[in-house]
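The structure appears below as structure tokens.
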Amino acid sequence: MQRRRFIQIMASSFAGASLGRTTTAAPALGAVQWNGYTLGAEGRFTLFTEDRAAAQVVLKHCFREIQRLENIFSLYDHTSELSQLNREGALAKPSADWRSILDAVTNAHATTQGLFDPTIQPLWKAYDNHFSKQSEPPINFEPQHETVGWGFVNYSESQVHFERPNMQLTLNGIAQGFITDRVTAIIKDAGYAHVLVELGETRAIGQHPDNRAWNVGIKDATNTTQLHEVVELTDQALATSGSYGSTFSEDGKYHHLIHPKLGLPSTHWKSLSVIAPTATEADALSTGLSFANKSQITALTESRADLLVFLQA
């Protein structure tokens with residue numbers, strides 16, 4: 001399923017994500033742009049540079065990295081390592097990236113007190129299968145969620161396996177952020193100091209080339225032609241989750257954000273955005289905190305000065 005992000009880049013005269021080697025924009029700089037899809041979400045980033053050939057090399061490196069990580073973490077590719085894990089319940093000799101992303105899941109699970117839990121995939125499949133056959137559920141429809149529980153995922157550098165039968169994993173709530181961080185790191189390591197990358201999530205390195213923060217608009221969940229909030233990013237990441245992003249039922253009551261403890265599409269907010277140090281964490285927290293109430297969110301932001309949360313009720 002595509003968990004759509006409704007984040008609009010407000011980058012002045014720069015279309016989409018932009019980068020530059022200089023601290024001020026110059027008319028002579030040319031745009032070298034990449035557009036495509038990452039785990040089902042539209043993505044783009046642009047390098048403004050005088051050296052188009054060097055920029056093309058960097059973008060090709062980024063594209064190869066996106067493809068490599070999708071081959072590991074994509075639910076849409078039946079040959080991916082994630083698909084293999086979900087079919088067999090175990091994955092021997094996983095790619096090295098597994099340890100990093102699963103450690104990030106563990107951290108987000110703890111930070112949200114269990115509200116971020118990617119083992120909800122069997123519940124998502126139950127809703128998807130049900131609504132593909134009929135438009136409304138019977139009154140007593142509620143998928144079983146004995147298969148859900150991050151504590152039953154065992155992983156190490158040598159293997160990943162489920163400790164309960166019929167468990168499955170979705171990384172849709174964190175992998176886009178993880179890929180965004182990897183691509184941003186490649187571009188930064190190549191020497192570009194002003195970076196804004198949008199690959200389902202948004203990550204900024206440094207400031208806008210005009211020596212100001214990047215201005216990023218978050219669309220209104222009830223009217224996506226309007227902005228709900230405009231935020232500033234400098235060396236930060238932004239992710240947004242909303243129940244409107246993908247729905248099972250026409251009325252939107254049944255949607256893709258499934259509460260891991262209740263087994264139901266149950267969120268407090270129409271839209272929730274998180275600014276965090278990395279896109280990986282922002283991605284995971286925007287999903288998990290969708291199930292949190294205001295007091296839980298306030299307690300977290302008071303304990304983490306590097307987190308900002310924007311709510312639309």
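Values below: all heavy atoms of this structure, side chains included; hydrogens, waters and symmetry mates excluded. Positions are given from 1 along the sequence. Note that this is a predicted model, so its numbers are computed, not measured.
Within the 4.5 Å cutoff, no side-chain heavy atoms of Glu201 are placed close to those of Leu238. Side-chain contact between Lys294 and Leu311 is present, with heavy atoms from C-beta onward closer than 4.5 Å. Residues Val231 and Ser273 fail the side-chain proximity criterion, which asks for heavy atoms closer than 4.5 Å. Under the 4.5 Å side-chain criterion, counting only non-hydrogen atoms from C-beta, Glu229 is not in contact with Gln312.
Side chain of Gln56 to backbone of Ala54: no donor-acceptor contact under 3.5 angstrom is found. With hydrogens and angles ignored, the 3.5 Å screen pairs a side-chain donor or acceptor of Trp269 with a backbone N or O of Ala292. Remark: the backbone N or O of Ser246 is paired with a side-chain donor or acceptor of His256 at under 3.5 angstrom. Checked by atom type and distance alone, the side chain of Thr112 never pairs as donor or acceptor with a backbone atom of Leu289 at under 3.5 Å. Judged by distance alone, with hydrogens and angles left aside, the side-chain atoms of Thr180 form a donor-acceptor pair with the main-chain N or O of Gln176 at under 3.5 Å. With hydrogens and angles ignored, the 3.5 Å screen pairs a side-chain donor or acceptor of Ser249 with a backbone N or O of Tyr254. Asp220 contributes no side-chain N or O that, together with a main-chain N or O of Leu227, makes up a donor-acceptor pair within less than 3.5 Å. A side-chain donor-acceptor contact under 3.5 Å links Tyr155 to the backbone of Leu102. In terms of modelled atom types and a separation under 3.5 Å, the side chain of Asp77 and the main chain of Asn71 share no donor-acceptor contact.
Asn293 and Ser295 share a side-chain donor-acceptor pair at under 3.5 Å. Ser158 and Ser156 share a donor-acceptor pair across their side chains, judged by distance under 3.5 Å alone.
Considering Ile174, Thr111, Leu285, Asp283 as possible partners of Phe116, the one that fulfils the side chain to side chain contact (heavy atoms under 4.5 Å, CB included) test is Ile174. Only one option out of Asn154, Leu85, Leu82 pairs with Val160 in a side chain to side chain contact (heavy atoms under 4.5 Å, CB included); it is Leu85.
Annotation for Asn166: atom CG does not count as buried by contact number, only 12 or fewer foreign heavy atoms lying within 6.0 Å. Within a 6.0 Å radius of CD in Gln159, more than 12 heavy atoms belonging to other residues, nucleotides or ligands are found.
Under the 30°/60° scheme for interplanar angles, the aromatic rings of Phe73 and Phe178 are found to stand perpendicular.
Contact detail for Ala237 and Thr278: the closest heavy-atom pair is CB-C, 3.3 Å. Across all their heavy atoms, Leu307 and Ala276 have their closest contact at CD2-CB, 3.6 Å. Looking at every heavy atom in both residues, Ser74 comes nearest to Ser80 through O-OG, 2.6 Å.
Atom NE2 of His145 is separated from atom OG1 of Thr119 by 10.5 Å, given to the nearest 0.5 angstrom. Rounding to the nearest 0.5 Å places CD1 of Ile218 at 15.0 Å from CD of Gln226. Between atom OG1 of residue Thr287 and atom CD1 of residue Ile258 there is a gap of 12.0 Å, rounded to the nearest 0.5 Å. Taking CD from Gln84 and NE2 from His78, the interatomic distance works out to 11.5 Å, rounded to the nearest 0.5 Å.
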Are His109 and Asp117 close enough, and set up right, to give a side-chain contact (heavy atoms from CB on, under 4.5 Å), and what steps lead you there?
CA-CA 6 Å; His109 183 266; Asp117 191 326; 4.0 Å; yes
